[in-house]
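Fair warning: this is a prediction, and the values are worked out from it, not measured in the lab.
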Amino acid sequence: MLKTVRARQTGAGLRFAITTQSGHEVVVDDGAGDSGPRPAELLLVAQAGCTAMDVASILAKKRQAVERYEIGLEAELGDEHPKALRSIVVTHEVEGPSIDLAAVRRSIELSATRYCIVNATLSSGEVEIHHRFR
């Protein structure tokens, strides 16, 4: 399966409109323009979204009555350029009547080890990125 996105510089400065394969648009820029998130923030957004969707879905399948579910991410960046992500800590907050801790633990484990494409990609160290130009 092939996934595609297309980024187009809009106006002056470092502002880009990125259109996803599904037709949605995301605007990114640097801190000077401040009209959208920075690209590194979107890595964390992708991790949070992927993980949260997996865990919520698995908990629903396990018939857990979740009233509130939130996750927070904290990432440590390297000091030198390219300031790559060194570590990410994901904190899950789950509330509801009679939440089974084992079900929560297993849901998180399944997301982290089996279902979340973002987690698998960031933790694999196996992604090859090739650049070309026209």
Side-chain angles (χ1 to χ4, degrees):
M1 175 190 304
L2 185 64
K3 294 285 186 183
T4 64
V5 298
R6 187 145 182 100
R8 175 180 35 84
Q9 191 169 17
T10 59
L14 297 177
R15 183 177 192 275
F16 290 82
I18 303 169
T19 305
T20 67
Q21 183 173 336
S22 58
H24 298 280
E25 186 173 273
V26 177
V27 172
V28 298
D29 70 6
D30 62 353
D34 203 23
S35 62
R38 307 323 159 246
E41 292 173 328
L42 290 178
L43 283 172
L44 299 179
V45 168
Q47 176 71 45
C50 186
T51 301
M53 291 171 73
D54 284 346
V55 172
S57 173
I58 295 166
L59 286 172
K61 289 176 185 168
K62 291 180 174 287
R63 301 187 196 287
Q64 296 297 299
V66 175
E67 292 178 348
R68 185 181 77 83
Y69 174 54
E70 293 183 23
I71 66 172
L73 278 71
E74 292 181 358
E76 182 181 342
L77 302 176
D79 296 326
E80 303 292 324
H81 284 289
K83 298 186 179 182
L85 293 170
R86 286 187 179 167
S87 68
I88 300 172
V89 176
V90 182
T91 303
H92 300 259
E93 298 176 25
V94 184
E95 292 179 7
S98 304
I99 294 292
D100 180 357
L101 296 180
V104 173
R105 187 176 291 111
R106 181 65 176 150
S107 298
I108 293 167
E109 179 186 8
L110 285 170
S111 175
T113 61
R114 186 166 181 185
Y115 294 116
C116 179
I117 185 175
V118 179
N119 192 77
T121 303
L122 291 175
S123 63
S124 74
E126 297 179 14
V127 176
E128 292 183 25
I129 299 175
H130 303 274
H131 293 264
R132 57 185 176 201
F133 67 94
R134 291 189 263 193

Over 12 non-hydrogen atoms of neighbours within 6.0 angstrom of CG in Leu77: yes

Crowding at CD, Glu74 (>12 non-hydrogen neighbours, <6.0 Å): no

Going from [atom1] on [X] to [atom2] on [Y], what distance comes out if it is rounded to the nearest 0.5 angstrom?
X: Cys116; Y: Met53; atom1: SG; atom2: CE; answer: 10.0 Å
X: Lys61; Y: Leu110; atom1: NZ; atom2: CG; answer: 10.0 Å
X: Arg105; Y: His92; atom1: CZ; atom2: NE2; answer: 12.0 Å
X: Arg63; Y: Ser98; atom1: CZ; atom2: OG; answer: 15.5 Å
X: Ile58; Y: Glu109; atom1: CD1; atom2: CD; answer: 10.0 Å
X: Leu59; Y: Asp54; atom1: CG; atom2: CG; answer: 10.5 Å

[X] and [Y]: which non-hydrogen atoms are nearest, and at how many Å?
X: Ile99; Y: Val104; result: CG2-CG2, 3.4 Å
X: Pro97; Y: Ala65; result: CD-O, 3.3 Å
X: Ser111; Y: Cys50; result: OG-O, 4.5 Å
X: Pro39; Y: Asp29; result: CD-O, 4.1 Å
X: Leu43; Y: Val118; result: O-CG1, 4.4 Å
X: Asp79; Y: Arg86; result: N-NH2, 3.7 Å

So, [X] side chain and [Y] main chain: donor-acceptor pair closer than 3.5 Å or not?
X: Gln9; Y: Gly13; result: yes
X: Gln64; Y: Asp100; result: yes
X: Gln21; Y: Thr4; result: yes
X: Ser124; Y: Thr121; result: yes
X: Ser107; Y: Ala103; result: yes

Same apolar cluster (I L V M F W Y, side chains within < 4.5 Å links), [X]/[Y]:
X: Leu122; Y: Val5; result: no
X: Tyr69; Y: Leu73; result: yes
X: Leu85; Y: Val90; result: yes
X: Val55; Y: Val66; result: yes

4.5 Å side-chain heavy-atom contact, Val28 and Glu41: no

Asp30 bridged to Arg15 by N-O distance under 4.0 Å: no

Donor + acceptor pair across side chains of Thr19, Arg6 (<3.5 Å): no

